[in-house]
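Working notes, structure below.
Indexing begins at 1, ligand by ligand and atom by atom, following the structure's order.
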Amino acid sequence: MTDHRSSTPRRARARDAASVPASGAWRQGDPPGDRRFADLGAVELESGGVLPDVRMAYETWGELAPDGSNAVLVLHALTGDAHVAGPAGPGQTTAGWWEQMVGPGAPIDTDRYFVVAPNVLGGCQGTTGPASTAPDGRPWGGRFPHLTTRDQVAAEIELTRQLGITGWELVIGASMGGLRVLEWGLLGPEQGIEVRNIAPVATTAQSSGDQIAWAHPQLGAIRADPRWRGGDYYDAADDDGPHAGLAVARQIAHTTYRTATELDARFGRLPQGGEDPLTGGRYAVQSYLDHHGDKLARRFDANSYLVLTESMMTHDLGRDRGGAESALSQITARALVVAVDSDRLFPPAQAGRIATWLPRAEPLRIITSDFGHDGFLVEFDQLGPIVAEFLAETASVQDRAGS
Ligand SMILES: CC(=O)SCCNC(=O)CCNC(=O)[C@H](O)C(C)(C)COP(=O)(O)OP(=O)(O)OC[C@H]1O[C@@H](n2cnc3c(N)ncnc32)[C@H](O)[C@@H]1OP(=O)(O)O
Ligand SMILES: N[C@@H](CCO)C(=O)O
């Protein structure tokens, strides 16, 4: 059968920022959307080990108010990064992934709020991850430790301290970002960082059997790629990494991000271009998945994909806290919980439980969409007003308290 892939994927060179000096704390007047780096030192891991010399990449927009009251933390999903808003920067190929949500006059209005977005611990866009250099001078590769959502938030808490921020007006994120939002609701206050409002979107308090099941073959696809080499492939040539395995993992994931309704309506049984499925050619939907798989393989690191996927699998807000309901009931922040009605990966019932058990949650907000889980990246006409309304109510509560 012919190889129909139109391009040779090159491994996304993980942007290990080891050679870039840390920029220290954010300062008033710093340009918006500039990638910066903070050296966080060692992070103690939930598994009992320690990850030394952690560096975290982040971007900021807006100005921190003199009383520090307007800081908003935006947490990205699995393959997102710190570049939430603004045009593609150096080494970046796309504009911000929440460009319509964050900016001057946007629902998260950077004329009013100071927005911070870090790249997650274990990622590949500037923050310490498997492609980073270990203390022995070699890339961590397959030796990189298992991370949990709590480890990722522990690093973000240290970043918060370094930025001189004592409290977040809002912590918001979707999907994997939403997992961290919920952990922030507990770990932030425990660590002395106030979390006044949270907005978990298209997310869950604990990964379900179904979510773990969908993740499993994605891990398998990467590890079955002979070019993965047990995770130690960074010395290989650019075109000799585990792109094929990563691309298949993305194809599995991408299917779960969309819906049967959309895929059937949009592609149905149409063949791709001049290809004939009866003689080994592809259907259009296969070509579409090939495209998304190849695209991710060019911009993302396979080991980071493994580490982050496993952190999502082990996510359980209720671990060592008496279960998810008990953990959620201890969160004191006011909360906006949002789901997408057609999300087959993070079904609305999971968000419904979060909204029910969070003591200060608004009624669950549901986005209507054919796009499924990806609705949080597409349905800005619905998500934008929901978030803007929540923030406006927050501001009015503050104004009343202050008057
Ligand atoms: C927080 C974060 O998650 S950040 C990461 C977000 N970004 C990503 O996940 C990148 C992957 N992209 C996506 O998931 C989606 O594109 C979204 C959610 C961002 C946007 O969704 P949509 O606007 O519906 O885009 P859609 O899924 O239709 O993809 C469009 C792409 O498919 C391509 N495509 C469409 N049909 C076909 C086909 N038959 N064969 C090959 N390619 C196809 C288009 O050419 C387009 O390519 P491009 O993105 O390189 O320009
Ligand atoms: N497209 C999103 C979906 C996962 O939430 C991502 O890749 O991060």
Side-chain angles (χ1 to χ4, degrees), residues 4-7 9 12 59 74-85 88 92-102 117-120 122-125 172-181 200-204 207 211 214-215 218 246-247 249-259 261-263 265-275 277 281-301 304-305 308-309 311-312 315 338-340 342-346 350-351 367 369-381 383:
H4 296 285
R5 294 204 315 207
S6 56
S7 59
E59 295 189 22
V74 178
L75 301 174
H76 67 76
L78 175 62
T79 67
D81 57 32
H83 196 54
V84 170
Q92 295 164 334
T93 54
T94 53
W97 54 267
W98 250 8
E99 173 79 359
Q100 295 88 334
M101 292 292 295
V102 175
N119 180 216
V120 71
C124 55
Q125 305 294 333
I172 184 169
S175 191
M176 191 185 85
L179 310 184
R180 309 209 294 295
V181 169
V201 177
T203 198
T204 184
S207 298
Q211 286 159 335
W214 280 113
Q218 298 177 44
L246 177 57
R250 179 64 157 186
Q251 291 182 27
I252 297 167
H254 193 81
T255 306
T256 69
Y257 299 156
R258 313 297 280 212
T259 65
T261 306
E262 187 220 354
L263 296 179
R266 182 171 171 187
F267 300 107
R269 299 186 48 76
L270 283 177
Q272 174 64 20
E275 298 179 30
R282 298 170 302 175
Y283 289 99
V285 70
Q286 292 178 279
S287 167
Y288 170 71
L289 290 177
D290 280 346
H291 176 79
H292 275 290
D294 291 352
K295 203 169 164 183
L296 187 78
R298 279 193 295 274
R299 75 172 176 84
F300 211 78
D301 179 51
S304 273
Y305 195 94
L308 299 182
T309 300
S311 76
M312 292 177 75
H315 169 71
V338 184
V340 182
S342 57
D343 190 335
R344 58 176 161 185
L345 185 60
F346 288 80
Q350 291 182 330
I367 291 171
S369 177
D370 281 345
F371 291 105
H373 185 59
D374 266 352
F376 80 87
L377 293 166
V378 178
E379 304 287 2
F380 299 113
D381 289 351
L383 183 60

**Prompt:** What orientation do His373 and Tyr257 show, parallel under 30°, tilted 30 to 60°, or perpendicular over 60°?
**Reply:**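 Judged by the thresholds at 30° and 60°, the geometry between His373 and Tyr257 is tilted.
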- Arg250, any N or O under 3.5 Å of ligand 2 N or O: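 Min N/O separation from ligand 2 is below 3.5 Å for Arg250.
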- Query: So is there a nitrogen or oxygen of Phe371 less than 3.5 Å from a nitrogen or oxygen in ligand 1?
  - Reply: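 By distance alone, the answer is no.
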| query | Does any N/O atom on Glu262 come nearer than 3.5 Å to any N/O atom on ligand 1? | reply |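 Between Glu262 and ligand 1 (N or O atoms, distance only) the closest approach is not under 3.5 Å.
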* **Atoms in ligand 2 with a heavy atom of Ala77 nearer than 4.0 Å** =>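 What qualifies from ligand 2 is 5 (O), 8 (O).
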>> If the cut-off is 4.0 Å to any non-hydrogen atom of Leu78, which atoms of ligand 2 fall inside it?
In response: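 It comes down to these atoms of ligand 2: 8 (O).
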Under 4.0 Å from atom 12 (N) of ligand 1, do we find at least one protein heavy atom?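 Within 4.0 Å: yes, protein heavy atom nearby.
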Pick whichever of [options] has a heavy atom sitting closest to [atom].
atom	options	value
atom 7 (N) of ligand 1	His291, His373, Arg266, Arg299	Arg299
atom 26 (P) of ligand 1	Tyr283, Trp98, Phe300, Tyr288	Tyr288
atom 39 (N) of ligand 1	Met176, Gln272, His292	Gln272
atom 8 (O) of ligand 2	Thr256, Val201, Thr79	Thr79
atom 25 (O) of ligand 1	His254, Arg258, His83, His76	Arg258

For this session: Kindly write out the residues that satisfy salt bridge (Lys or Arg N to Asp or Glu O under 4.0 Å) with Asp374, not counting sequence neighbours, or none if the list is empty.
Result: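 Asp374 satisfies salt bridge (Lys or Arg N to Asp or Glu O under 4.0 Å) with Arg258 only.
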Atoms in ligand 1 flagged as close to Arg250, the criterion being non-hydrogen separation under 4.0 Å: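 Per the distance check, 8 (C), 9 (O), 10 (C), 11 (C).
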| task | May I ask you to identify the nearest protein heavy atom to atom 2 (C) of ligand 2, giving residue, atom name and distance to one decimal place in Å? | result |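 Atom 2 (C) of ligand 2 sits closest to the protein heavy atom Leu377 CD1, 3.8 Å.
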Among all the protein's non-hydrogen atoms, which is closest to atom 5 (O) of ligand 2, and how far away is it?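 Atom 5 (O) of ligand 2 sits closest to the protein heavy atom Ser175 OG, 2.7 Å.
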Taking heavy atoms and a distance under 4.0 Å, where does Trp97 meet ligand 1: side chain, backbone, both or neither?
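Contact part for Trp97 vs ligand 1: side chain (C-beta onward).
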